[in-house]
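Within every chain, numbering begins at 1; the chains are lettered A, B, ... in the order of the sequence lines, protein sequences first and strands thereafter. Worth knowing before you read on, the calculation uses all heavy atoms, side chains too, and leaves out hydrogens, waters and symmetry mates.
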Number of protein chains: 2
Amino acid sequence: MTKSRKPTPPPCPVTYALEIFGDRWTLLVLKDLILEARYRYKDLMAANSGLATNVLADRLKRLEQRGLIEKTRDPQDGRQFVYLPTGTAIGLIPMLVEMIAWSARQGVSQVPPEFLERIERDRAGLIADLTEQVERNLEAHRAIGG
Amino acid sequence: MTKSRKPTPPPCPVTYALEIFGDRWTLLVLKDLILEARYRYKDLMAANSGLATNVLADRLKRLEQRGLIEKTRDPQDGRQFVYLPTGTAIGLIPMLVEMIAWSARQGVSQVPPEFLERIERDRAGLIADLTEQVERNLEAHRAIGG
DNA sequence: CTGTATCCTTAGGGATACTG
DNA sequence: CAGTATCCCTAAGGATACAG
């Protein structure tokens, strides 16, 4: 045998989180699923230049196993699928928002100025609004015929 | 030529953040530096089982180049160094707190119950307290003779 | 369109020996 | 103690062809 990997369950919450989305693509996909309402395979592919088909398929599978997304039929087109974030994934909104805010403070453009302004002034409200928005998006995509 | 890598500067704030700490170790090191007040090489090594010396050295170098930490003489022992988080790094506290809170909500033990309770009830206060605590730790380590 | 299946390359990182 | 320097190896991931 090759020197068995330590299967020690992660005691550290940061380690735990990194095990789920601490790679090159997973968090980007989650961001698309949660904040950009990209629920379809092709949309996720189109949004992430450089992402390979096998990698996306793998990440979606893992996220489903971990309970962060649900794979269901597209009500608008029964031949397609939609990947919808679960409550667990939606719970990542505060962390994503803080990450985006930090990058914005470092000078990353592409962040709407009103976003940064709002988060400094009314973070709780912003997060509440975003969460509500996501819920509405999901509702629309669950409704048959949309 | 091998098909030149796109040097496109990252327009996405999540991508930007991941470029800095989107690997297996950097965020763990940052957590130690920021929340655990581990400022010395040996402490960082001891805290992260499996971390190799060359990898830690590399991460510290990158973080210094990126302006997230400052390498200075240890005032308590002029032969040693201390790596102190800068304001930029301290600005990651909200994100780290949200990440930890999310993991705790997923059932990760090792998170003090009062932490989770506090963040739900008084997030702003918790973050303010943590930030203040960090500032005090840094002050103590900057003072000569400590 | 939504994946699977391969193949192949590379960067990340583990182990270890060694230096100031 | 605080790194540097190697060596090596594996897992992650890019490219592409193909299948349901």
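A donor-acceptor pair under 3.5 Å links the side-chain atoms of A:Y41 to the main chain of A:T53, judged by distance alone. Checking side-chain atoms of A:S103 against main-chain N and O of A:V108 turns up no donor-acceptor pair under 3.5 Å. Remark: side-chain polar atoms of B:Q106 are paired, donor with acceptor, to backbone N or O of B:W102 under 3.5 angstrom. Listed for the B:R73 side chain is a donor-acceptor partner under 3.5 Å among the backbone atoms of B:G78. Judged purely by atom type and a 3.5 angstrom limit, A:N48 has no side-chain atom pairing as donor or acceptor with the backbone of A:L51.
Residue B:R79 has no polar side-chain atom (N or O) positioned under 4.0 Å from OP1 or OP2 of C:dG20.
Across the protein-nucleic acid pair, B:Y83 atom OH and D:dA2 atom C1' stand 7 Å apart, rounded to whole Å. The distance from atom OH of A:Y41 to atom P of D:dG20 is 16 Å, rounded to the nearest whole Å. As a whole-Å value, the separation of A:L56 CG from D:dG14 P is 12 Å. Taking atom CG on B:N48 and atom C1' on C:dG13, their separation rounds to 14 Å, with Å as the unit. Remark: C1' of C:dA11 and CD of B:E19 are 15 Å apart, rounded to the nearest angstrom. Rounded to an integer number of Å, the gap from CG of A:L51 to P of D:dA15 is 11 Å. Spacing between atom CH2 of A:W25 and atom P of D:dG13 amounts to 9 Å, rounded to whole angstrom units. A:L27 places its CG atom 13 Å from the P atom of D:dG13, with the value rounded to the nearest Å.
As judged by a 4.0 angstrom heavy-atom cut-off over every strand, A:D23 is placed among residues touching the sugar-phosphate backbone only.
In terms of position along DNA chain C, the nucleotide closest to A:K71 lies nearer the 5' end than the nucleotide closest to the other residue of the pair A:N54 and A:K71.
Minimum interatomic distance between A:D32 and A:A47 (heavy atoms only, all atoms of both residues): OD2-CB, 3.8 Å.
The stretch residues 57-67 of chain B touches DNA chain D through B:A57, B:K61, each having a heavy atom within less than 4.0 Å of the strand.
Note: B:Y39 and B:H141 have perpendicular aromatic rings, judged against thresholds of 30 and 60 degrees for the angle between ring planes.
In this structure, the nucleotide among D:dG13, D:dA2, C:dG13 sitting nearest to the side chain of B:R24 is C:dG13.
Looking at A:T53, its side chain comes within 3.5 Å of the base of C:dT4 through a donor and an acceptor atom.
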